[in-house]
Amino acid sequence: MNVPIEYFVLLSMALFSIGLFGILTRRNALMFLMSVEIMLNAANINLIAFALYHGNLTGQIFALFTMALAAAEVAIGLGIILVLYRNFRDVDVTVPTTMRW
């Protein structure tokens with residue numbers, strides 16, 4: 001069973017659009033991080049689909065690097081969210097105008 005590459009691209013486009021909508025409309029920092037993760041997963045789907053289409057492993061290797069980048073982004077992002085909650089008792093990204101010591 002061969003799935004056409006257009007289906008993968010459409011799925012990726014839909015996931016990226018959902019993630020972009022989440023970034024532009026949400027003010028909760030956790031939802032913001034989840035939206036970025038959805039966008040990175042959409043990029044991974046594209047990388048793996050085109051690697052399958054061309055028959056090489058380059059896209060899969062880039063997808064692994066993207067997953068490592070996503071893990072690092074989550075670690076840093078959760079640290080920032082914890083500091084945000086500790087200082088302002090809220091995870092709304094519009095509350096702090098400046099992050100002071």
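The side chain to side chain donor-acceptor pair (under 3.5 Å) pairs that include a residue from residues 26-45 number zero, where partners must be two or more places apart or lie in different chains. Among residue pairs with one or both ends in residues 58-85, none qualify as side chain to side chain donor-acceptor pair (under 3.5 Å); sequence neighbours excluded. The side chain to side chain donor-acceptor pair (under 3.5 Å) analysis of residues 8-19, with sequence neighbours excluded, yields the pairs S12-N46.
Summarising the geometry of L40 relative to A70, their closest heavy-atom pair is CD1-CB, 3.7 Å, with the distance given to 0.1 Å. Across every non-hydrogen atom of A29 and V93, the tightest pair is CB-CG1, 3.7 Å. The two residues L47 and A63 make their nearest non-hydrogen contact at CD1-N, 3.9 Å.
With sequence neighbours excluded, the residues satisfying side-chain contact (heavy atoms from CB on, under 4.5 Å) with A49 are I5, F8. Residues forming a side-chain contact (heavy atoms from CB on, under 4.5 Å) with F65 (at least two apart in sequence, or on another chain): I61. Partners of T94 under the side chain to side chain donor-acceptor pair (under 3.5 Å) rule, at least two apart in sequence or in another chain, are D92.
Considering only heavy atoms from C-beta on, M39 comes within 4.5 Å of I23 through its side chain. Residues L24 and L20 are in side-chain contact: their nearest non-hydrogen atoms beyond the backbone lie under 4.5 Å apart.
Other residues, nucleotides and ligands contribute more than 12 heavy atoms inside 6.0 Å of the CG atom of L78.
We find the CZ-CG distance between F16 and L11 to be 13.5 Å, quoted to the nearest 0.5 Å. Atoms CG and CG, on L57 and L52 in that order, are 10.5 Å from each other to the nearest 0.5 Å. Note that CZ of F32 is 10.5 Å distant from CD1 of I80, once rounded to the nearest 0.5 Å.
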>> Walk me through whether L33 and V74 qualify under side-chain contact (heavy atoms from CB on, under 4.5 Å).
In response: CA-CA 7 Å; L33 277 178; V74 165; 5.6 Å; no
> Between V9 and E6, is a side-chain contact (heavy atoms from CB on, under 4.5 Å) present by the stated rule, with each step listed?
Replying inline: CA-CA 5 Å; V9 173; E6 291 85 13; 5.6 Å; no
